[in-house]
Amino acid sequence: MTYQLNSAASPAINIVPDERQQQAIGHVHGPMLVIAGAGTGKTTVLTQRVANLIREGYARPDEIVALTYTENSAAEMLARVRGELKGTAIDGLQASTFHAWCNGLLQRRGAGFSVLDDKDLWVFLRRRIRDLRLKHFVRAANVGQFLDSLLEFMRRCQDELVGPAEYARYVERLERGEVPLPRVARSKKQTELEDEEILERCQEIARVFSTVENMLLAKNLGTFGHMITRAYRLLKDDPTLLEEERARTRFLLVDEFQDANCAQVEILSLLAGAAANVFAVGDPDQAIYQFRGASSEAFTLFARKFPATRVVVLGKNRRSLSPILGCAFGIVNENPPVFSPTLAHQGNSISYQRTPLESLRDEEAKQKGETAAAPKVEIVTWGEKEVEAADLAHRIQKKRKNRDQPCKWSDFAVLYRLHNHRDELVHEFAERGIPFSIEGLDVLDTSEVRDVVACLAVAVSPDDATSLFRVAALPQFALNPVELRAAMRAVRRQELDLRNVLGTLPKGAAVLESVEKVHREVRKDGVRADHAVNVVVRHFDLQRSALVLAFLKFVKDWQSKAIVETGSPSEFLEYLDYFVQAGGTIALPRSTEDAVQLLTAHAAKGLEYQHVAIIRGSSVSFPSSYHEPLIAFPAELRTSGTASTDDKVLHEQEERRLFYVAMTRARDTLAIYANQGKSTKNEPRPTKFLREFMVSPPYRKFWSTHPAAAVQEELFAGEEQRIALEQSNVAAWLLMPASADFVSGLSASAIEIYEECPLRFKLEREWNLPRDVSASLHYGAAMHSVLRTFYDARRYQREIGGDDLLEQFRSALAAAGVADRYQYELYLRQGIEQLRQFFEAARASAPEVIETEGRFELQVGSAKLSGRVDRMDCTGPDTVAIVDYKTGKPKSQEDADKSLQLSLYALAARERWGKHADRLIFHNLENNTAISTTRTDSELEAAKLRVQEVAEGIARGEFPPNPKYHCVFCPYRNLCPATEKAVAAPRKKSASRVH
DNA sequence: CTTGAAAGCCTTTTT
DNA sequence: GGCTTTCAAG
């Protein structure tokens, strides 16, 4: 990857250090803490101090270690020291990341290992999940889910140097009742748990923790966290080794010290020894990696470890104009002081109070007699996201065309908290022809890479119908989608074989041939995934765009990973599936084109831009909402003293620092966009950070506010052309107008699907698209079939044994084809257990069953409904009870009260069977509870109205996608146009047109 | 001050 | 689908 020098730091190279910087640079022996605010030249201080130590002969290069947190800054550090000491040899100077240094130590001492990153560890364990023997921390419906929480917890333990042994000892104390039980479930759920189960959960964690460690050790694997913990153990346990290492680390320097975690501070403390020549530079107000283990108290820990610490504060900012610095201070100063008050009691020499940074640029301008006031920070409020986007786009266009200070697109950056905050903006930019570049875009969400993955999947397994459909839509096959759709609809879904259908179409045969040909190529023995994917890209003539190249690199990197067994394409596809489940993404590298930069506040750390806009600067976007971890890290295991402050408060403080980081990226202008909030008066009141800030008088002079406006810019039309957003053929196909009307055969769930996402509704009925049926649905079907048999037997007074019923369940589930063996077994066990309990309870009551899976049809206005009632019991001459079995998460009373499904059953009872349903029941099989409800006439009318509204939407042919969180569960997610992320298409030939 | 409805989010990411 | 925050009515 090409690496750009950190532009923030570069200008400082030739600048003469001021007095305080000089003080830090000239420091030689003993511990020193340099608190270097944003843009105060901390890298200069670090590099010049290293140069100084060597130049003045205090240390040989090979006695100095400079530690950073990124490879890039390590490389930059080395380059700059070399620059300082032109001509002098600096062989042996160690400038590397904390992790790399520890890893190097381990390797030198014969304790090296292969590294798994977080996602790979997840995949590694997911593949061996059976061996973890999970009981409380696994759910059949989502096998991998709890793995997230377990791994998060174990990572946290590592950050605090708690290994399996320490945790096991902690659990023993729990068993003896010496310490209070920790939270091991969501707060709400925890209250329902018996103490015994809480303890069992802890024991399970302890067991899994040590199992995982042993699994890794057995294969000589480790994580990034292990680099730190194992290096620590080595140094701690072997005095001789420690002495030797100390000789090579006589002078320690650490950059970005606010990102250090407890374990790292411990290592520093070991290496530093009595001489304690430790020099740490950082900004406590820019600590934004707590979520990844960085201790919010790194500076406090440092001061505690090294009581003789001297402190230097750098406060002269070379980057920004004063209004920006003033506002940034106003925001961040709402946080408590950076050192815990306890330090003062210990008679420590450290005294530091947060002060506003001074703008050197403004000072210099004043000295030169320039009088123009620096522009104020703008707070722009909006009511709708679209207006926010329009106003910002307009602002950028206007600024760029400003005659006095013309600038490039790349002088603008838009910062946001979450990736999806940029979506509206991307569309707005495209509309106006503003070039943009997205940092960290997940290429797996783009149509191009989805095409590549589909092509690879079909090359490996030509009968993978979902992928085949996508491949068939590639423009080169020039298939007629209307014909294909008609052909697919003509077959019943269960009998649909996409290959057969393609075979009947004029141009379909070419698709099959092409697939067959590449299949022969790829399935040969010994073909590796990275080769296969290149073959596929060539074979299908896919563009090698930056997106596709990022994916190809991902495959290539995967090939040499430690978890890879055969390296075959099918192993890769399995990996990719798990990788996505683990939350993995493949980030698009930053582009070098002249374009507006779109990036998260995290990604912007250390960078600077002339003009910065922060969007969604109000809760719940920024700050983002807090989510507690499933497993709380117990106070008894904490080494740092943060136990007193609760995690939610710490989260908000970190968000405020992140906001501060975002603000201080700006050189000249800063605009903050925020939701205007609800207010009785007509004045904007953005929530959270800005609200506190805007009522604070000292900062008034630094900012102004105005509402956002949806200005259309006509001026520039013609010069900049609308940018075509990438959209796949398959997306265009699915968006074609509906081929028929769908107002007949509507079920309750179909109506709910339409309400959730009309496009999904259309796809359910229109193409007969191939899709994977989830294991939970198979499970539900198997359970229902058994219950039907059970009550049918009662109805017709046939004898049927419990064992026969369980056997029926076993064979039904076995026939369903749940692909994941482990998940299958979990469901098998769960089903048998639930059925036993059900039968046990059912023996006690003997309802008079009059229908099992009774079908009905119902006319509501123009809509024809159809459905099936699980069970109907007679409760009187004209009354019935209707029972619906639920196999998933138990339904609540509230669910039952407003269920459309039950409303429609009540209607059906009246109109199809001529009975009044006086009880409508959800029977939850998971906990064997029955939730009963009723419907009044007016409630039934309301249900009809709801149906009617949906029917009208369908009749009008309205099927817009409604992308939301539920897309995660949508079977068409990977085909859906709405989940494809837009990328600015650089003058793409308009090849992909639907004919 | 309490309460209930409405609006969002379910991350962020060097090594 | 579940949880948290926010706002305004009572």
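Because only heavy atoms are used, hydrogens play no part in the values below, and waters and symmetry mates are left out as well, while side chains stay in. Residue numbering restarts at 1 for every chain, and letters A, B, ... go by the order of the sequence lines. This is a predicted model, so every value here is computed, not measured.
When the C1' atom is used for both dC3(C) and dT11(B), the distance is 15 Å, rounded to whole Å.
Among the duplex regions that DNA chain B forms, those built from at least three successive Watson-Crick or G-U pairs under 3.5 Å are B:1-10 with C:1-10, ordered by first number.
Using a 4.0 Å cut-off between charged nitrogen and carboxylate oxygen, E424(A) and R616(A) count as a salt-bridge pair. Between E160(A) and R156(A) there is a salt bridge, since a side-chain N of the basic residue sits under 4.0 Å from a carboxylate O of the acidic one. Ion pairing between a basic and an acidic side chain is recognised when a charged N comes within 4.0 Å of a carboxylate O; R183(A) and E628(A) show such pairing. In summary, D255(A) and K42(A) engage in a salt bridge, as defined by a charged side-chain N under 4.0 Å from a carboxylate O.
Atom OH of Y416(A) is separated from atom C1' of dT11(B) by 13 Å (rounded to the nearest Å). Between L418(A) atom CG and dT11(B) atom C1' there is a gap of 5 Å when expressed in whole angstrom units. Between the NE2 atom of H421(A) and the C1' atom of dA7(B) there is a distance of 13 Å, rounded to whole Å. One atom, CG of D442(A), and another, P of dT13(B), lie 11 Å apart when rounded to the nearest Å. Straight-line distance from the CZ atom of F113(A) to the P atom of dT15(B): 15 Å, rounded to whole Å. One can place CG of N72(A) at 15 Å from P of dT13(B), the figure rounded to the nearest angstrom. Separating the CD atom of E894(A) from the C1' atom of dG4(B) is a distance of 12 Å, rounded to the nearest angstrom. Taking atom CD1 of residue I288(A) and atom C1' of nucleotide dT15(B), one finds them 15 Å apart after rounding to whole Å.
Of the candidates dT13(B), dT5(C), dT15(B), dT13(B) carries the atom nearest the H419(A) side chain, counting heavy atoms from C-beta on. For S621(A), the side-chain atoms get nearest to dG8(B) when compared with the rest of dT12(B), dT15(B), dG8(B). When each of dT12(B), dT15(B), dC10(B) is scored by its nearest atom to the side-chain atoms of T70(A), the top-ranked nucleotide is dT15(B). You'll find that the side chain of E71(A) is closest to dT15(B), out of dT13(B), dT11(B), dT15(B).
Proximity of H651(A) to the phosphate of dT12(B): no side-chain N or O atom is located under 4.0 Å from OP1 or OP2. Considering only side-chain N and O atoms, T687(A) lies nowhere under 4.0 angstrom from the phosphate OP1 or OP2 of dC7(C). Dashed line: the shortest gap from a side-chain N or O of K688(A) to OP1 or OP2 of dT6(C) is under 4.0 Å. Note on S619(A): a side-chain N or O is less than 4.0 Å away from OP1 or OP2 of dT6(C).
Checked by atom type, the side-chain pair N924(A)/Y885(A) shows no donor-acceptor distance below 3.5 Å. Counted by atom type alone, H226(A) and T229(A) present zero donor-acceptor pairs between their side chains at under 3.5 Å. Neither side chain, T97(A) nor T68(A), offers a donor N or O lying under 3.5 Å from an acceptor on the other.
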For nucleotides 1-4 of chain C, list the nitrogen or oxygen atoms of the protein found under 3.5 Å from its nitrogen or oxygen atoms, one pair per line.
| unit_1 | atom_1 | unit_2 | atom_2 | d |
| --- | --- | --- | --- | --- |
| dC3(C) | OP2 | K188(A) | NZ | 3.1 |

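Between atom CD of residue E71(A) and atom CD of residue E76(A) there is a gap of 13.5 Å, rounded to the nearest 0.5 Å.
At the heavy-atom level, R691(A) lies under 4.0 Å from the strands shown only through sugar-phosphate atoms. Residue contacts shown for S624(A) include a base, since a base heavy atom lies under 4.0 Å away.
Ring-plane geometry between Y575(A) and W558(A) is classed as tilted, the angle between the planes lying from 30 to 60 degrees on a 0 to 90 degree scale. Using cut-offs of 30° and 60° for the angle between ring planes, the F622(A) and F659(A) rings count as perpendicular.
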